[in-house]
J.: 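Sharing a structure, written as structure tokens. Questions coming.
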There are 2 protein chains.
Amino acid sequence: MPHSSATGSLDSSQEGLCSERHAASLATAGPLAVTEAQRMAEFLNVLADPTRLRLISLLAAEEYCVCDLASNLGMTDSAISHQLRALRAARLVTYRKVGRQVFYQLHDHHVLELYQTVREHLNEES
Amino acid sequence: MPHSSATGSLDSSQEGLCSERHAASLATAGPLAVTEAQRMAEFLNVLADPTRLRLISLLAAEEYCVCDLASNLGMTDSAISHQLRALRAARLVTYRKVGRQVFYQLHDHHVLELYQTVREHLNEES
DNA sequence: CAAATACATGAACACATGCTCATGCATTTG
DNA sequence: CAAATGCATGAGCATGTGTTCATGTATTTG
């Protein structure tokens, strides 16, 4: 058996036996189950698009209607509307209708924080 | 002109005039340029895959050789090797060769932190 | 040295994705 | 009411992605 028998180290309680860790770590420790990995990937995929990231960067400052988002990004209303649909489905944005305009904004601070975290991480290294 | 003239609010220095903000915010404020959005999307795309996320979740605990990663995920060595190639290209993992085995580990704490941040965010809401 | 092992890699295929174009719907305006 | 505006949506197409399969390379073993 040439394999490094990784199963043998499952008992390793890494760094002493500290059974008191905050809830977040408890829920997010260990290998990812397939279903959770899929949900996580689905969510990240929504963020992993240049157009949607630029939309989020705009909405991070203030709310915009669709056509203003489109003109800011130099794209068609249709393209933007399609992407906003994806952002809505992922619950990353909300909207309110005013007359025939629809104003979008980030769903909550959660989205902004995650976006900024990733952006900062990329601006730090290499 | 029906548009909500978003250009008129470019001067808004949001929340009083505070010219003293930490470096991270300074570098990551304002709308994303196309090139930066692309780089950010490229990076996120590497994370946005169930297989690669599961690989990262395993490597978060300890280093693994390719075939152990494969057997843990119930996938072929080839599929895993291809995905590890992507993780290497994105500088998310490093490796060391021991005999004919290759042991992979996360590149640095940076990767682990970002991964855990996203995972926790998803476990919190809705 | 020959066979086996651990891994890497290119080609190919199925599938997903983002845009454009055409169209539809709701609201406002003349 | 009719035309125009702002936005949503489905179809279609070009492009990208993840896996399998076949093959190649380096190392170990008999």
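Side chains are part of it too, since the values below use all heavy atoms of this structure and drop only hydrogens, waters and symmetry mates. None of the values given here were measured: they were computed from a predicted structure.
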J.: Where each residue is assigned the nucleotide of DNA chain C containing its nearest heavy atom, which of B/Tyr95 and A/Asn45 is assigned the position nearer the 5′ end?
T.: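 Comparing both residues, the 5'-ward one is B/Tyr95.
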J.: Applying side chain to side chain contact (heavy atoms under 4.5 Å, CB included), can you list everything that pairs with A/Ala79, at least two apart in sequence or on another chain?
T.: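 If we apply the side chain to side chain contact (heavy atoms under 4.5 Å, CB included) test to A/Ala79, skipping adjacent residues, the hits are A/Met75, A/Thr76.
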J.: Provide the full list of ring-ring contact (aromatic ring centres under 6.0 Å, His included) pairs with a residue in residues 77-98 of chain B, sequence neighbours left out, each pair given once.
T.: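 Applying ring-ring contact (aromatic ring centres under 6.0 Å, His included) to every pair that reaches into residues 77-98 of chain B, excluding sequence neighbours, yields B/Tyr95-B/Tyr104.
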J.: Looking at residues at least two apart in the chain, or sitting in another chain, which of them share a side chain to side chain donor-acceptor pair (under 3.5 Å) with A/Arg54?
T.: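 With sequence neighbours excluded, A/Arg54 shows a side chain to side chain donor-acceptor pair (under 3.5 Å) to no residue whatsoever.
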J.: Among all residues two or more places apart in sequence or in another chain, which pass the side chain to side chain contact (heavy atoms under 4.5 Å, CB included) test with B/Ala90?
T.: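 Per chain and number, B/Ala90 pairs via side chain to side chain contact (heavy atoms under 4.5 Å, CB included) with B/Val46, B/Leu92.
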J.: Roughly how many Å is it from CZ in A/Phe103 to P in D/dC7, rounded to a whole number?
T.: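 It is 8 Å, rounded to the nearest whole Å.
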J.: Roughly, in whole Å, what's the span from CG in A/Leu69 to P in C/dC19?
T.: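 One finds 14 Å between P of C/dC19 and CG of A/Leu69, rounded.
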J.: Give a yes/no answer on whether the side chain of A/Gln83 brings an N or O atom under 4.0 Å of OP1 or OP2 in C/dC19.
T.: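 Looking at the OP1 and OP2 atoms of C/dC19, one of them is under 4.0 Å from a side-chain N or O of A/Gln83.
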J.: Would you tell me if any nitrogen or oxygen in the side chain of B/Tyr104 comes within less than 4.0 Å of OP1 or OP2 on C/dA8?
T.: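 Yes, B/Tyr104 has a side-chain N/O under 4.0 Å of OP1/OP2 on C/dA8.
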J.: Rounded to whole Å, how long is the line connecting atom CD of A/Gln101 with atom P of C/dT28?
T.: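 One finds 10 Å between P of C/dT28 and CD of A/Gln101, rounded.
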J.: Quick one: CZ on A/Phe103 to CG on A/Leu69, what's the gap to the nearest 0.5 Å?
T.: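 The CG atom of A/Leu69 is 10.0 Å from CZ of A/Phe103, to the nearest 0.5 Å.
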J.: Between B/Asn45 and A/Ala48, is there a donor-acceptor pair closer than 3.5 Å when you use the side chain of the first and the backbone of the second?
T.: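 Answer holds: yes.
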J.: Over how many whole Å does the gap from B/Leu73 atom CG to D/dT20 atom P extend?
T.: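 Checked: the CG to P distance equals 12 Å.
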J.: Say you draw a straight line from OG1 of B/Thr51 to CD of A/Gln38; how long is it, rounded to the nearest 0.5 Å?
T.: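 B/Thr51 OG1 to A/Gln38 CD: 9.0 Å, rounded to 0.5 Å.
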J.: Please list, pair by pair, any protein nitrogen or oxygen found under 3.5 Å from a nitrogen or oxygen in nucleotides 13-16 of chain C.
T.:
none

J.: In whole angstrom, give the distance that lies between atom CD of B/Gln38 and atom P of C/dC19.
T.: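 About 11 Å, once rounded to whole Å.
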J.: If you look at every heavy atom in A/Ala37 and B/Pro50, which pair is closest and at what distance?
T.: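 Closest approach of A/Ala37 to B/Pro50: CB-O, 3.8 Å.
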J.: Only counting residues at least two apart or in another chain, list the ones meeting side chain to side chain donor-acceptor pair (under 3.5 Å) with B/Glu113.
T.: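 If we apply the side chain to side chain donor-acceptor pair (under 3.5 Å) test to B/Glu113, skipping adjacent residues, the hits are B/His109.
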J.: Just how far, in rounded Å, is P of C/dC7 from CD1 of B/Ile80?
T.: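 B/Ile80 atom CD1 is separated from C/dC7 atom P by 11 Å.
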J.: Check each residue of residues 46-53 of chain A for a non-hydrogen atom within less than 4.0 Å of any atom in DNA chain C, then write out the ones that pass by number, or none.
T.: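 Correct list: A/Asp49, A/Thr51, A/Arg52.
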J.: Yes or no on side chain to side chain contact (heavy atoms under 4.5 Å, CB included) for A/Arg52 and A/Leu47, after CA distance, side-chain angles and deciding distance?
T.: CA-CA 7 Å; A/Arg52 289 192 289 268; A/Leu47 286 182; over 6 Å; no
J.: How would you list, by chain and number, every residue that makes a salt bridge (Lys or Arg N to Asp or Glu O under 4.0 Å) with B/Arg39, sequence neighbours excluded?
T.: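 In terms of salt bridge (Lys or Arg N to Asp or Glu O under 4.0 Å), with neighbours along the sequence ignored, B/Arg39 is linked to no residue.
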J.: Could you tell me the separation between the SG atom of A/Cys65 and the CD1 atom of A/Ile80, rounded to the nearest 0.5 Å?
T.: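 Here the interatomic distance stands at 11.5 Å.
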J.: Tell me the interatomic distance from B/Leu84, atom CG, to D/dG18, atom P, rounded to whole angstroms.
T.: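 One finds 13 Å between P of D/dG18 and CG of B/Leu84, rounded.
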J.: Strictly under 3.5 Å: I want the nitrogen or oxygen pairs between protein and nucleotides 9-15 of chain D, one per line.
T.:
unit_1 : atom_1 : unit_2  : atom_2 : d
D/dT9  : OP2    : A/Arg85 : NH1    : 2.9
D/dT9  : OP2    : A/Arg88 : NH2    : 3.2
D/dT9  : O4     : A/Ser78 : OG     : 2.7
D/dG10 : O6     : A/His82 : NE2    : 2.8

J.: Verify side chain to side chain contact (heavy atoms under 4.5 Å, CB included) between A/Leu59 and A/Val111, making sure each step is shown before the conclusion.
T.: CA-CA 11 Å; A/Leu59 297 175; A/Val111 184; over 6 Å; no
J.: With 3.5 Å as the limit, what N/O pairs link the protein to nucleotides 27-30 of chain D?
T.:
unit_1 : atom_1 : unit_2   : atom_2 : d
D/dT27 : O2     : B/Arg100 : NH1    : 3.4
D/dT28 : O4'    : B/Arg100 : NH1    : 3.4

J.: B/Leu87 CG to D/dT17 P: how many Å, rounded?
T.: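 Rounded to whole Å, this separation is 14 Å.
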J.: Please name all residues satisfying side chain to side chain contact (heavy atoms under 4.5 Å, CB included) with B/Glu42, sequence neighbours left out, ordered by chain then number.
T.: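 Partners of B/Glu42 by the side chain to side chain contact (heavy atoms under 4.5 Å, CB included) criterion come out as none, since no residue qualifies.
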